[in-house]
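For reference, the structure is listed below as structure tokens.
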Amino acid sequence: MVTGLINANPIVYERKERRVRSTPSAADVDEYAVEPIDQLEVFDHIRDIKDPEHPHSLEELKVITEDAIEVDDKQSHVRVMFTPTVEHCSMATVIGLCLRVKLMRSLPSRYKVDVKVAPGTHATEAAVNKQLNDKERVAAALENPNLVEMVEQCLAPTFE
């Protein structure tokens with residue numbers, strides 16, 4: 001994907017086993033009811049996003065973990081904290097943008113999504129967080145065809 005790797009040898013962790021979610025029968029479901037969303041569902045949406053530099057998922061690199069996701073379903077708010085593999089990761093904003101785009105596409109529009117770098121894990125944490133949570137900056141980034149192509153590559157499904 002990218003040449004001149006920032007972190008040439010990242011630690012790759014084992015993926016967690018996917019948990020099967022129980023679904024109510026069709027007779028019990030009100031198709032117009034608001035469906036609650038929880039931490040596991042958000043994690044399932046973002047766990048397979050590929051790192052922009054490596055052929056591994058964000059879960060495998062422990063950039064995201066289930067514990068770093070907060071969901072307040074009553075307030076329709078989701079917060080995702082991610083941890084770059086190195087403190088000076090130049091791809092942190094791209095990773096955050098991938099997380100934001102995936103959640104924008106996956107969650108109902110009633111949700112406010114905050115994506116942030118975990119405190120103390122990046123050299124320019126404040127600047128990255130400001131970029132990722134500014135609607136105008138995100139919209140401008142998504143008008144850049146090269147950046148959109150990189151995001152789409154990271155979000156493309158893998159068939160493993």
Side-chain angles (χ1 to χ4, degrees), residues 1 7 10-87 89 91-122 125 128-135 137-139 141-142 147-148 150-160:
M1 292 190 165
N7 183 4
I11 298 171
V12 179
Y13 300 88
E14 194 170 318
R15 289 176 183 242
K16 287 175 113 179
E17 189 172 319
R18 290 193 189 271
R19 288 175 270 174
V20 179
R21 301 174 65 85
S22 61
T23 55
S25 67
D28 298 336
V29 177
D30 175 2
E31 65 181 280
Y32 300 106
V34 173
E35 229 180 277
I37 291 176
D38 61 13
Q39 182 183 37
L40 176 59
E41 183 171 351
V42 173
F43 182 69
D44 282 343
H45 284 302
I46 62 178
R47 70 190 302 176
D48 295 323
I49 296 173
K50 290 186 287 297
D51 184 85
E53 288 190 310
H54 302 285
H56 304 290
S57 72
L58 298 183
E59 178 189 16
E60 289 173 315
L61 297 174
K62 283 218 174 167
V63 172
I64 57 147
T65 61
E66 194 174 332
D67 296 336
I69 299 168
E70 296 174 20
V71 177
D72 183 346
D73 194 58
K74 287 182 175 55
Q75 297 293 318
S76 299
H77 186 257
V78 172
R79 176 182 293 152
V80 176
M81 301 286 256
F82 69 98
T83 305
T85 58
V86 292
E87 191 176 285
C89 177
M91 293 289 157
T93 51
V94 174
I95 291 169
L97 188 61
C98 290
L99 291 166
R100 177 168 290 290
V101 168
K102 180 64 176 184
L103 292 173
M104 283 173 27
R105 292 177 181 176
S106 304
L107 298 177
S109 60
R110 68 184 171 98
Y111 280 90
K112 179 185 185 319
V113 176
D114 288 329
V115 176
K116 296 185 175 191
V117 174
T121 62
H122 196 274
E125 172 188 331
V128 171
N129 288 341
K130 186 174 181 177
Q131 286 181 332
L132 293 175
N133 293 292
D134 181 315
K135 287 181 182 177
R137 289 182 189 207
V138 169
L142 294 175
L147 202 49
V148 169
M150 185 180 285
V151 168
E152 293 299 338
Q153 286 176 0
C154 292
L155 298 182
T158 56
F159 302 100
E160 293 179 28

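As the structure is a prediction and not an experimental result, all values here were calculated from the model.
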Are V63 and I49 close enough, and set up right, to give a side chain to side chain contact (heavy atoms under 4.5 Å, CB included), and what steps lead you there?
CA-CA 10 Å; V63 172; I49 296 173; over 6 Å; no
Can you name the nearest heavy-atom pair linking A141 to V148, along with the distance?
O-CG2, 4.4 Å
Nearest-0.5 Å distance, CD of residue E59 to CD of residue E66
9.0 Å
Check whether any side-chain heavy atom of D38 sits under 4.5 Å from a side-chain heavy atom of D73, and report yes or no.
no
Answer whether the closest heavy-atom distance between the side chains of P157 and D48 falls below 4.5 Å.
no
Starting at CG of L147, measure out to CD of E152 and round the result to the nearest 0.5 Å.
10.5 Å
May I have the step-by-step check of side chain to side chain contact (heavy atoms under 4.5 Å, CB included) for I95 and V115, ending in yes or no?
CA-CA 10 Å; I95 291 169; V115 176; over 6 Å; no
Show the numbers, then the answer: is there a salt bridge (charged side-chain N to carboxylate O under 4.0 Å, His left out) between K74 and D72?
CA-CA 6 Å; K74 287 182 175 55; D72 183 346; over 6 Å; no
K116 and E70: salt bridge (charged side-chain N to carboxylate O under 4.0 Å, His left out), yes or no, with the steps?
CA-CA 12 Å; K116 296 185 175 191; E70 296 174 20; over 6 Å; no
Criterion side chain to side chain contact (heavy atoms under 4.5 Å, CB included) on I46 and L58, from CA distance to verdict
CA-CA 8 Å; I46 62 178; L58 298 183; over 6 Å; no
Given side chains that start at C-beta, do those of M81 and P119 come closer than 4.5 Å, heavy atoms only?
yes
Quick one: CD on E125 to CD on E87, what's the gap to the nearest 0.5 Å?
9.5 Å
Nearest-0.5 Å distance, CG of residue D134 to CG of residue N129
12.0 Å
Measuring only between side-chain heavy atoms, which start at C-beta, is L142 closer than 4.5 Å to L97?
yes
Decide side chain to side chain contact (heavy atoms under 4.5 Å, CB included) for K102 and V151; before the verdict, give the C-alpha distance in whole Å, the side-chain angles of both, and the deciding distance to 0.1 Å.
CA-CA 9 Å; K102 180 64 176 184; V151 168; over 6 Å; no
Drop me the distance from H54's NE2 to M91's CE, to the nearest 0.5 angstrom.
9.5 Å
Taking side-chain contact (heavy atoms from CB on, under 4.5 Å) as the test, write out the residues that go with V128, two or more places apart.
A92, T93, V117, H122, T124, L132
Should S57 and R47 count as side-chain neighbours, where that means a heavy-atom distance under 4.5 Å?
no
Is the shortest heavy-atom distance from the side chain of L107 to the side chain of H45 under 4.5 Å?
yes
What distance separates R79 CZ from Q39 CD, expressed to the nearest 0.5 Å?
13.0 Å
Taking only residues two or more places apart in sequence or in another chain, which ones pass salt bridge (Lys or Arg N to Asp or Glu O under 4.0 Å) with K130?
none
